[in-house]
Amino acid sequence: MAKGDSRQSAKEKQHGKENAGKSRMNPWMYVFSVAILIIIVVTFVGGPLVSGAGGGGSISFGSYDGEEITYVPGNYLSRQRDAIAEQVNDSGNNTNLEWIAYQVWRSAFQRSVVHTAILKESEESGVRIPEERIDQALTNYGGYQENGSFSAERYRETPNAEKASIRKFYREELTHSQYLNDTLYGVKTPSAAEDFIRQMASPERSFEYLSIGYGAFPEDMVWSYADSNAELFRSINLSRITVNSSQEAAQGLQQQLSGDDTLFEELARTQSVDAYSEAGGYIGWQYFYSLSSELDSADQAETIFALGAGDVSPVIETPFGWVIYKANEATRPVAQDNDEDIATVRQYMTRFERGTIEDYLISEAEALREELGVGGFAAAEAAPWNYGETASFPLNYGNIEILKPVQDASQTGALSNAAFNETILSALFGLEENEVSDALVLDDKVYLFRLNEIVEPDESVTETVGLYYTYLAQQYMQADLQAAILGSEKLENNFDAVFTKYFLAE
């Protein structure tokens with residue numbers, strides 16, 4: 001890793017301070033969140049949520065097709081909030097309460113938007129739930145139950161306004177369920193589609209492979225690159241002071257240092273606003289390529305690298321404030337006998353010169369491929385080559401849930417990204433038995449594959465795939481429906497602003 005790559009700018013630190021200030025909850029709301037998420041799940045049936053939050057204690061988070069999506073104690077959003085909070089409470093996840101509260105309320109809001117959209121669509125489509133069906137459903141309402149059975153007496157004793165509210169709730173719930181049954185769950189999956197999915201599960205193939213990693217790129221070639229690009233890998237030992245108030249303030253500090261550079265560490269501790277202030281501004285050895293990437297231009301980096309030991313730079317304007325650098329030691333060139341230098345160059349090449357490394361490894365793989373006919377894959381296992389085998393799997397692009405995943409036999413995840421690589425899957429499933437593939441690049445390795453065997457899975461496997469497909473298709477359709485509603489132009493989404501106002505207010 002490049003020296004000093006781990007650094008936090010003054011702007012980042014200031015941003016963190018601002019966020020910390022914003023993230024402090026209104027004390028009442030914080031206690032409220034702790035109550036619903038940690039101590040006990042409370043179903044609110046009365047009383048305002050926030051004093052002054054709106055008429056009757058309601059809060060509007062937006063609207064869908066002109067209808068407000070509000071929190072009112074006891075309404076749909078409120079019930080969803082309580083249900084989600086109970087799930088969180090049962091999970092035992094009680095860290096980062098503010099973030100949990102945000103997720104609970106956001107999920108409740110989204111469910112309410114979908115619910116509102118479904119009710120509106122049902123109304124416009126003329127969907128009507130028979131009153132007899134609602135009557136039947138009401139017999140299961142807990143408030144009307146006595147000893148496990150419907151109590152006509154309890155029903156009669158319930159105030160009319162409450163009975164109307166409960167009836168409205170059941171009508172909406174039954175309408176919501178009817179809509180989903182008509183559009184999603186009640187839609188039969190075509191048998192031809194199920195047959196097609198079953199066929200995707202068969203046949204399965206397994207492979208053996210040899211791999212060589214980027215670390216096998218020879219050190220002498222790393223040094224050759226470093227020598228040819230020596231200006232990038234110069235390094236200098238630095239300290240810095242970062243000021244984000246004004247350029248004039250930074251220039252005032254620079255003038256003090258011009259008279260006495262021994263003040264640098266003290267001023268860094270008291271005046272600098274970046275992550276290195278507590279260390280007296282010390283940031284250590286910096287490579288030219290790394291430092292120049294943080295600045296506005298390579299010329300600024302050249303100004304810093306021209307400093308002699310003990311020299312202080314002029315004020316330099318950067319994306320994270322005005323900075324004064326001090327050279328603790330003068331610039332030194334990249335050295336072949338410096339292990340950290342060579343490691344840094346290798347890391348740089350892995351990030352910015354992958355093509356150079358891959359070309360070399362591919363040539364090595366192709367040369368080995370010509371020799372594999374003699375001893376086979378296992379016989380070729382020798383450093384820097386690694387031998388492995390895959391599990392058997394069908395052609396499963398994207399590793400969809402209903403098919404066996406593309407993976408190595410040991411299930412380490414080494415080949416998981418192959419499932420998303422069309423080039424590799426096409427090459428693998430185009431191999432004949434015992435045929436060796438061309439060199440293939442995946443992640444930070446180059447592979448050679450050989451088709452091991454082709455197998456037909458048990459009939460029970462293909463049957464299970466067909467059955468699961470029906471369930472999965474419904475889940476996908478439901479996700480698509482929710483995405484369409486939440487992405488609709490009919491939705492006015494003010495959730496973040498409203499949540500911040502009532503939950504994150506100072």
Side-chain angles (χ1 to χ4, degrees), residues 1-27 30 95-99 102 234-332 344 496 500 503-506:
M1 178 179 290
K3 303 182 186 74
D5 274 355
S6 169
R7 50 173 71 85
Q8 177 187 27
S9 69
K11 181 177 289 185
E12 289 171 338
K13 184 173 182 180
Q14 182 66 19
H15 180 68
K17 290 180 178 179
E18 293 171 356
N19 282 345
K22 291 180 180 178
S23 66
R24 288 193 295 273
M25 277 191 173
N26 176 295
Y30 185 83
T95 59
N96 198 344
L97 297 182
E98 295 174 14
W99 176 244
Y102 173 84
R234 295 172 286 165
S235 56
I236 186 171
N237 191 311
L238 296 171
S239 295
R240 78 182 187 195
I241 296 173
T242 304
V243 177
N244 62 9
S245 56
S246 69
Q247 184 174 7
E248 290 73 19
Q251 288 173 336
L253 294 177
Q254 205 276 341
Q255 289 176 2
Q256 293 184 57
L257 293 169
S258 297
D260 185 359
D261 65 352
T262 62
L263 294 173
F264 196 97
E265 184 173 339
E266 178 185 347
L267 291 177
R269 292 183 187 278
T270 59
Q271 303 298 319
S272 185
V273 294
D274 63 29
Y276 301 98
S277 60
E278 291 185 4
Y282 182 78
I283 63 175
W285 288 96
Q286 304 294 303
Y287 289 99
F288 183 88
Y289 82 86
S290 179
L291 186 63
S292 61
S293 69
E294 294 185 352
L295 304 174
D296 287 334
S297 68
D299 289 342
Q300 289 180 329
E302 291 289 2
T303 297
I304 298 167
F305 270 72
L307 297 174
D311 289 348
V312 175
S313 75
V315 174
I316 296 177
E317 186 173 0
T318 73
F320 45 87
W322 292 272
V323 181
I324 306 165
Y325 288 92
K326 177 184 177 182
N328 302 311
E329 298 181 53
T331 300
R332 69 182 185 191
T344 297
D496 285 345
T500 299
F503 282 74
L504 305 181
E506 288 287 354

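A pairwise comparison of heavy atoms in E294 and P319 identifies O-CD, 3.4 Å as the closest pair. Between I236 and E329, the shortest heavy-atom distance links the atoms CG1-O, 3.3 Å. Shortest non-hydrogen contact noted between S246 and A249 is OG-N, 3.1 Å. D296 and E317 make their closest contact through OD2-O, 3.6 Å (heavy atoms, listed as atom of the first residue, atom of the second, distance). Summarising the geometry of F305 relative to T331, their closest heavy-atom pair is O-OG1, 2.7 Å, with the distance given to 0.1 Å. Of all non-hydrogen atoms in L257 and L263, the two that sit nearest each other are CD2-C, 3.9 Å.
Using a 4.5 Å heavy-atom cutoff, the side chains of Q251 and W322 are not in contact. Within the 4.5 Å cutoff, no side-chain heavy atoms of V323 are placed close to those of D274. Looking only at side-chain heavy atoms (C-beta outward), F264 and I324 come within less than 4.5 Å of each other.
Panel note: side chain S313, backbone I304; no donor-acceptor pair is recorded below 3.5 Å. In this structure a side-chain-to-backbone donor-acceptor pair under 3.5 Å is missing from R240 to G281. No side-chain donor-acceptor contact under 3.5 Å links S277 to the backbone of V273. Distance alone, capped at 3.5 Å, is enough to place a donor-acceptor pair between the S272 side chain and the T242 backbone.
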Go through it in stages, so that I can follow the logic: the residues are Y325 and L291, the test is side chain to side chain contact (heavy atoms under 4.5 Å, CB included), and I'd like the CA-CA distance, side-chain angles, deciding distance and then a yes or no. CA-CA 12 Å; Y325 288 92; L291 186 63; 3.9 Å; yes

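Rounding to the nearest 0.5 angstrom, the gap separating the CG atom in L253 from the CD atom in E248 is 12.0 Å. Rounding to the nearest 0.5 angstrom, the gap separating the CD atom in E266 from the CD atom in Q256 is 9.0 Å. Summarising the geometry, atom CG belonging to L307 is positioned 12.0 Å from atom CG belonging to N237; distances are rounded to the nearest 0.5 Å. The distance from the CG atom of N328 to the CD1 atom of I283 is 9.0 Å, given to the nearest 0.5 Å.
For the side chain to side chain contact (heavy atoms under 4.5 Å, CB included) test, residues two or more places apart in sequence or in another chain that qualify with S297 are D299, Q300.
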